[in-house]
Amino acid sequence: MTGLLTVVGLGPGNPRYLTPSASEALASATDIVGYGPYVDLVPERLGLRRHASDNRVELDRARFALDLAAKGAHVAIVSGGDPGVFAMAAAVFEAVDNGDPAWRSLDIRVEPGITAMLAAAARVGAPLGGDFCAMSLSDNLKPWEIVAARLRAAVAADFVVALYNPISSARPWQLGAALEIVAETHGPDTPIVLARAVGRPDERIRILPLAEVEASIADMSTIVIIGATTTRLIERPEGEQPYVYTPRFYGERP
């Protein structure tokens, strides 16, 4: 097959955070496939075909892109952040795994991007400096009981936890429930970073103690970073947000 499918991470939305290799993949593509707002981030140019779709049709989108590539197109299927973190890369390979055997002969590449937790962490300091994990609070593809069990295990093990998809109109209660789980083992002063739309004009970042976090201040554009018991704040001059970091060591400094 002469077609090519590249899964491209667009980063958090600001063109400055797009990698050169991702830019090259977009520039050489004949077709752009993706969720509408992500497709809109790719500049139009002569000869480029654009195929936008809804956010909840990942597998259909992946199959469509694979079919285009099988017909000889050079397809870039776009994701925000990194395509391998709760995004389209897994959907593409799931489609290959369970779809047309001919798709296995395709040249499929994944171009990484800056995922939301890394962009948010960079804004506030180094909260991911120690051991950490990432989770999605969405229960669209897994039951809430699994989400809750994994979160409880992560905070009990004292990982810093980055929460993706923390709240939506269909799931207005889940972030509050997640914070209650955190409070089972962590004190009320545990630092919580709520970073919305990092790198975009409507960016907003808050650093609050666990006891003061209200779930209603987050949305689907927010990444929530829950500090470990070792996560620290460095106070700064009045009017400036503190730096947040998690030491690389655990316990007393070796």
Side-chain angles (χ1 to χ4, degrees), residues 7-13 17 19 35 38 55 58 79-94 110-168 171 174-186 190-199 203 205-208 210 213 215 218-231 244-248 250:
V7 194
V8 178
L10 298 176
Y17 297 137
T19 68
Y35 175 42
Y38 298 147
N55 194 32
E58 289 92 347
S79 281
D82 181 281
V85 180
F86 308 120
M88 281 305 304
V92 166
F93 289 111
E94 181 182 348
V110 180
E111 288 293 346
I114 299 174
T115 188
M117 67 178 177
L118 300 182
R123 276 289 192 268
V124 300
L128 307 180
D131 294 333
F132 67 90
C133 67
M135 294 182 54
S136 171
L137 284 192
S138 173
D139 61 354
N140 289 332
L141 298 175
K142 58 183 180 293
W144 172 253
E145 292 75 18
I146 294 296
V147 177
R150 290 177 175 176
L151 178 60
R152 186 169 281 110
V155 294
D158 209 13
F159 285 99
V160 174
V161 182
L163 297 178
Y164 284 73
N165 307 315
I167 196 167
S168 71
R171 301 180 288 102
Q174 287 177 320
L175 179 57
L179 295 174
E180 289 178 3
I181 290 173
V182 175
E184 292 174 2
T185 56
H186 285 31
T190 300
I192 308 293
V193 177
L194 299 107
R196 185 186 185 282
V198 176
E203 173 181 306
I205 296 177
R206 301 183 186 184
I207 302 167
L208 298 171
L210 173 61
V213 177
D219 61 16
M220 283 292 283
S221 295
T222 305
I223 187 83
V224 179
I225 299 178
I226 300 166
T229 60
T230 57
T231 301
V244 185
Y245 84 104
T246 304
R248 293 171 296 164
Y250 201 87

Whether [X] side chain and [Y] backbone form a donor-acceptor pair below 3.5 Å:
X: Y35; Y: E58; value: no
X: T222; Y: L194; value: no
X: E94; Y: A90; value: no

Minimum heavy-atom separation for [X] and [Y], please, with both atom names.
X: K142; Y: S136; value: NZ-O, 3.4 Å
X: L137; Y: W144; value: O-CZ3, 4.0 Å
X: P83; Y: V7; value: CB-CG1, 3.5 Å
X: A154; Y: V161; value: CB-CG2, 3.9 Å

Completion exercise
Result for side chain to side chain contact (heavy atoms under 4.5 Å, CB included) between R123 and one of V198, I207, V193 points to V198
Problem - Rounded distance (nearest 0.5 Å) linking atom CG of L128 with atom CD1 of I225 - result: 5.0 Å
Practice task
Before giving the answer on side-chain hydrogen bond (donor to acceptor under 3.5 Å, both in side chains), spell out for D158 and Y250 the whole-Å C-alpha distance, their side-chain angles and the decisive distance to 0.1 Å.
Solution key: CA-CA 10 Å; D158 209 13; Y250 201 87; 2.4 Å; yes
Handout entry: Steps toward side-chain contact (heavy atoms from CB on, under 4.5 Å) verdict (N165, R171)
Key = CA-CA 10 Å; N165 307 315; R171 301 180 288 102; 3.8 Å; yes
Handout entry: CG (D131) with more than 12 external heavy atoms under 6.0 Å
Key = no
